[in-house]
Trainee: 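Sharing a structure, written as structure tokens. Questions coming.
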Amino acid sequence: MGAPSAPDALDPEDAKIVTLARSARARTGAAQGAAVRDTDGRTYAACTVALPSLSLTALQAAVTAAMAAGAPGLEAAAVVGVTDLDAGFDDPGLAAVADVTADAAVLVAGPDADAVHRVEGP
């Protein structure tokens, strides 16, 4: 992962998806919230899904929402609520992002979103 940045040091469009991810998490009380921005500039937010018959990470759910809406590709994704950033970020949603657009930026933050890290590589 890249060095942490303060949310106010991010590009405004990246800061927006971090805010959307944080809001999705807060609104639902889920473990994580995520948001993606497609190549047309539209955004999609989602949270962790934990049902007996269906489990999705927040990132998987956000990518799913974008694909279901017909997004042509992804520019960036953000996940808020990662509890152990020192251990890195190993989420199956990373593969989903890469399936859609290999070089999309992925930003991750802890529960308070006071520091945002860029995930390097696929």
Trainee: About how many Å separate CD of Gln32 and OG1 of Thr83, when rounded to the nearest 0.5 Å?
Mentor: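 Between atom OG1 of Thr83 and atom CD of Gln32 there are 7.5 Å.
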Trainee: Just how far is it from atom OG1 of Thr64 to atom CG of Leu56, taken to the nearest 0.5 Å?
Mentor: 5.5 Å
Trainee: Just wondering, are more than 12 heavy atoms of other shown residues or ligands nearer than 6.0 Å to CG in Asp40?
Mentor: yes
Trainee: What's the separation between atom CD1 in Ile17 and atom OG1 in Thr43, rounded to the nearest 0.5 Å?
Mentor: 8.5 Å
Trainee: Considering the options Val108, Val97, Leu59, which one meets the side-chain contact (heavy atoms from CB on, under 4.5 Å) requirement together with Asp91?
Mentor: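 Only match with Asp91 under side-chain contact (heavy atoms from CB on, under 4.5 Å): Leu59.
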Trainee: Step by step, work out the side-chain contact (heavy atoms from CB on, under 4.5 Å) result for Val100 and Met67.
Mentor: CA-CA 9 Å; Val100 179; Met67 294 300 92; 3.6 Å; yes
Trainee: How close do Val116 and Ala109 get, heavy atom to heavy atom, and via which atoms?
Mentor: CG2-CB, 4.2 Å
Trainee: Could Asp114 and Arg22 be called an ion pair, given the rule that one side-chain N must be under 4.0 Å from one carboxylate O?
Mentor: no
Trainee: Do side-chain atoms of Thr28 reach the backbone of Ala30 as a donor and acceptor pair under 3.5 angstrom?
Mentor: yes
Trainee: Please report the interatomic distance CZ(Arg27) to CG(Leu20), rounded to the nearest 0.5 Å.
Mentor: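 Result: 8.5 Å between the selected atoms.
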Trainee: Are any non-hydrogen side-chain atoms of Thr39 and Leu74 less than 4.5 angstrom apart?
Mentor: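 No; the side chains remain at least 4.5 Å from each other.
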Trainee: Assess whether salt bridge (Lys or Arg N to Asp or Glu O under 4.0 Å) is satisfied between Lys16 and Asp11, documenting all intermediate values.
Mentor: CA-CA 9 Å; Lys16 177 182 173 181; Asp11 170 271; over 6 Å; no
Trainee: Is there a side-chain contact between Val119 and Leu107, using heavy atoms and a 4.5 Å cut-off?
Mentor: no
Trainee: Might you point out which heavy atoms bring Gly70 and Arg42 nearest each other, and give the distance in Å?
Mentor: O-NH2, 4.0 Å
Trainee: Of the non-hydrogen atoms in Ala96 and Val63, which two are nearest, and what is the gap between them?
Mentor: CB-CG1, 4.0 Å
Trainee: Applying side-chain contact (heavy atoms from CB on, under 4.5 Å), run through Arg118 and Val106 and close with a yes or a no.
Mentor: CA-CA 6 Å; Arg118 185 174 298 269; Val106 179; over 6 Å; no
Trainee: List the atom of Ala62, the atom of Val36, and the distance in Å for their closest heavy-atom pair.
Mentor: O-CG2, 3.7 Å
Trainee: Report the C-alpha separation of Val80 and Val82 in whole Å, then their side-chain angles, then the decisive distance to 0.1 Å, and conclude whether the side-chain contact (heavy atoms from CB on, under 4.5 Å) test is met.
Mentor: CA-CA 6 Å; Val80 172; Val82 179; over 6 Å; no
Trainee: Which heavy atom in Ala46 sits nearest to a heavy atom in Ala24, and how many Å separate them?
Mentor: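 Nearest pair, atom of Ala46 first, then Ala24: O-CB, 3.5 Å.
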Trainee: Determine whether a donor-acceptor pair (N or O, by modelled atom type, separation under 3.5 Å) exists between the side chain of Thr101 and the backbone of Ala104.
Mentor: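 No; judged by distance alone, with no hydrogens or angles, the pair does not exist.
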Trainee: Kindly give the heavy-atom pair with the smallest separation between Val79 and Phe89, and that separation in Å.
Mentor: CG2-CZ, 3.9 Å
Trainee: Are Ser55 and Val49 side-chain neighbours, meaning at least one heavy-atom pair lies under 4.5 Å?
Mentor: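 When only atoms from C-beta onward are counted, Val49 and Ser55 do not touch, as no gap falls below 4.5 Å.
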